[in-house]
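Please read all numbers here as calculations on a predicted model, not as lab measurements. Just so it is clear, the values below take in all heavy atoms, side chains as well, and ignore hydrogens, waters and symmetry mates. FYI, the numbering just counts along the sequence from 1.
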Amino acid sequence: DPNLMREYAANIARTFGDKILYYSVENEPNIGAFNQGQDPEAFKRQYIAGREGILQAYPGAKVVAGELANV
């Protein structure tokens, strides 16, 4: 649910603010049973929602897309 992702990401950014150099939304989404078969459009919606939440809570944040594993 993108709304839950937005809320969760905002809470993290409010809590940690500038203590985090770069915020990452979904680490290595291309591996593991949790993400198996994930639709790229669903990932995009989750990433955008997470990024929005982070930037709403901490506008100065640097947000990167989930890093992909070399698998």
Enquirer: Heavy-atom distance under 4.5 Å between the side chains of I20 and K62, does that happen here?
Expert: no

Enquirer: Tell me, please, which residues at least two apart from R51 pass salt bridge (Lys or Arg N to Asp or Glu O under 4.0 Å).
Expert: none

Enquirer: Which heavy atom of R14 sits nearest a heavy atom of A57, and at what distance?
Expert: CG-CB, 3.7 Å

Enquirer: Are I54 and V25 packed together at the side-chain level, in the sense that at least one heavy-atom pair is separated by less than 4.5 angstrom?
Expert: yes

Enquirer: Would you say that Y58 contacts D18 through its side chain, given a criterion of any heavy-atom pair below 4.5 Å between the two side chains?
Expert: yes

Enquirer: Determine whether N3 and R6 make a side-chain contact, defined as any pair of heavy atoms from C-beta on separated by less than 4.5 Å.
Expert: yes

Enquirer: Ignoring hydrogens and geometry, is there a side-chain-to-backbone donor-acceptor pair from Y23 to G17 under 3.5 Å?
Expert: yes

Enquirer: Quick check: is Y47 connected to L4 through a chain of hydrophobic side chains (ILVMFWY, heavy atoms under 4.5 Å apart)?
Expert: no

Enquirer: Give the minimum heavy-atom separation between A49 and P2, together with the two atoms involved.
Expert: CB-O, 3.2 Å

